[in-house]
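Given the structure is predicted, the values throughout are model-derived calculations rather than measurements.
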Amino acid sequence: MSAKTKFNPIPRKTVIAEFPSGEIRIEDGSDGAWILFDCDCLDALPYCRAQCCGLRGTYVHQEEQDYANYESYFDQNAQLLLLKRDADGMCYALNRETKTCEIYNNRPQVCRDFHCTRGPDMRGFKLSNKVHRQSND
């Protein structure tokens, strides 16, 4: 390679989608690559694949349950009313095909308050550093 060959630096931040509410970007750092959803939840859902809908322990206040009649159960260990999970561990209200919430406009307060990457202590989701190869079998 000649001395005149110039390398284009790889950007540390790459915007992968833009919305009126913000953007989704990948940021590279010394500890790996992270995806940040700095936009409204509804805009992010098709991209994040609804990872938050797999978090355990989505609790519902009794007043919300009485009003909305969510599919929920009382967890004796946590002493909380929790949203029902399907066999795959995801929330019952998640549409598996579109990865969107079927009760989004009437979701529990804990879901309204949660945002995966906004706030000073939230970094985002680390992208997998694994290499997946096809088997020769």
Side-chain angles (χ1 to χ4, degrees):
M1 191 176 301
S2 73
K4 293 182 181 182
T5 302
K6 200 174 192 181
F7 290 100
N8 290 327
I10 298 171
R12 295 187 66 79
K13 294 181 183 180
T14 303
V15 175
I16 57 175
E18 291 183 272
F19 308 97
S21 67
E23 65 186 18
I24 300 171
R25 64 186 179 278
I26 295 175
E27 292 188 6
D28 289 323
S30 61
D31 58 346
W34 296 77
I35 187 164
L36 285 88
F37 301 98
D38 194 12
C39 59
D40 288 344
C41 181
L42 195 56
D43 291 332
L45 276 173
Y47 295 88
C48 71
R49 310 293 290 162
Q51 294 182 49
C52 59
C53 298
L55 297 175
R56 300 208 187 278
T58 306
Y59 66 91
V60 179
H61 295 285
Q62 188 61 53
E63 301 80 33
E64 291 178 302
Q65 177 64 27
D66 294 342
Y67 169 77
N69 197 27
Y70 299 115
E71 290 187 38
S72 61
Y73 66 97
F74 187 77
D75 183 294
Q76 293 292 339
N77 294 331
Q79 292 291 301
L80 293 170
L81 191 61
L82 302 177
L83 287 183
K84 182 181 142 237
R85 300 285 164 177
D86 288 339
D88 63 0
M90 301 299 275
C91 178
Y92 81 93
L94 177 67
N95 180 312
R96 302 313 193 270
E97 291 178 24
T98 62
K99 296 293 184 194
T100 56
C101 178
E102 293 182 343
I103 60 170
Y104 187 83
N105 291 329
N106 194 30
R107 67 197 184 280
Q109 189 63 47
V110 69
C111 297
R112 292 176 187 276
D113 292 342
F114 179 82
H115 197 288
C116 55
T117 58
R118 283 207 177 143
D121 298 327
M122 298 303 290
R123 177 79 189 272
F125 292 102
K126 188 170 185 180
L127 299 176
S128 174
N129 291 333
K130 296 178 183 174
V131 176
H132 300 280
R133 295 190 171 98
Q134 286 184 322
S135 170
N136 290 333
D137 299 333

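Residues Cys41 and Tyr104 meet the side-chain proximity criterion, which asks for heavy atoms closer than 4.5 Å. Annotation: side chain of Gln109 is not in contact with side chain of Val60 (no heavy-atom distance under 4.5 Å). Side-chain contact between Asn69 and Gln65: present, with at least one pair of heavy atoms (C-beta onward) separated by less than 4.5 Å. Side-chain contact check for Val15 versus Ile24: every heavy-atom pair is 4.5 Å or farther apart. Side-chain contact between Tyr70 and Ile103: present, with at least one pair of heavy atoms (C-beta onward) separated by less than 4.5 Å. The shortest distance between side-chain heavy atoms of Cys91 and Thr58 does not fall below 4.5 Å. Residues Glu23 and Cys39 form no side-chain contact, since every pair of their non-hydrogen atoms from C-beta on lies 4.5 Å or further apart. Contact annotation: the side chain of Ile16 never approaches that of Arg25 to less than 4.5 Å [non-hydrogen atoms, C-beta and beyond].
Contact between Asp40 and Ser21 at its shortest, heavy atoms only, is N-OG, 3.0 Å.
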Discussion item. Run the salt bridge (Lys or Arg N to Asp or Glu O under 4.0 Å) test on Arg96 and Asp88 for me, step by step, so that the C-alpha distance in whole Å, both residues' side-chain angles and the decisive distance to 0.1 Å come before the verdict.
Written reply: CA-CA 10 Å; Arg96 302 313 193 270; Asp88 63 0; 2.9 Å; yes
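A single hydrophobic cluster is not seen to contain both Leu83 and Met90; linkage of ILVMFWY side chains at heavy-atom distances under 4.5 Å, directly or through other members, places them apart. The hydrophobic clustering, which links ILVMFWY residues whose side-chain heavy atoms are closer than 4.5 Å, places Tyr47 and Ile35 together.
If you take CD on Glu102 and OG1 on Thr100, they are separated by 6.5 Å, rounding to the nearest 0.5 Å. Taking NE2 of His61 as the reference point, atom CG of Leu80 lies at 9.5 Å (rounded to 0.5 Å). Here the SG atom belonging to Cys53 is positioned 11.0 Å from the CG atom belonging to Asp86, to the nearest 0.5 angstrom. Summarising the geometry, atom CG belonging to Leu81 is positioned 7.5 Å from atom CZ belonging to Phe74; distances are rounded to the nearest 0.5 Å.
Side-chain polar atoms of Gln62 and Asp66 form a donor-acceptor pair below 3.5 angstrom.
Not one N or O on the side chain of Arg107 forms a donor-acceptor pair closer than 3.5 Å with the backbone of Ala93. At least one donor-acceptor pair under 3.5 Å links the side chain of Asn95 to the backbone N or O of Thr98.
Counting non-hydrogen atoms of neighbouring residues, nucleotides and ligands closer than 6.0 angstrom, the CZ atom of Phe19 exceeds 12 such neighbours.
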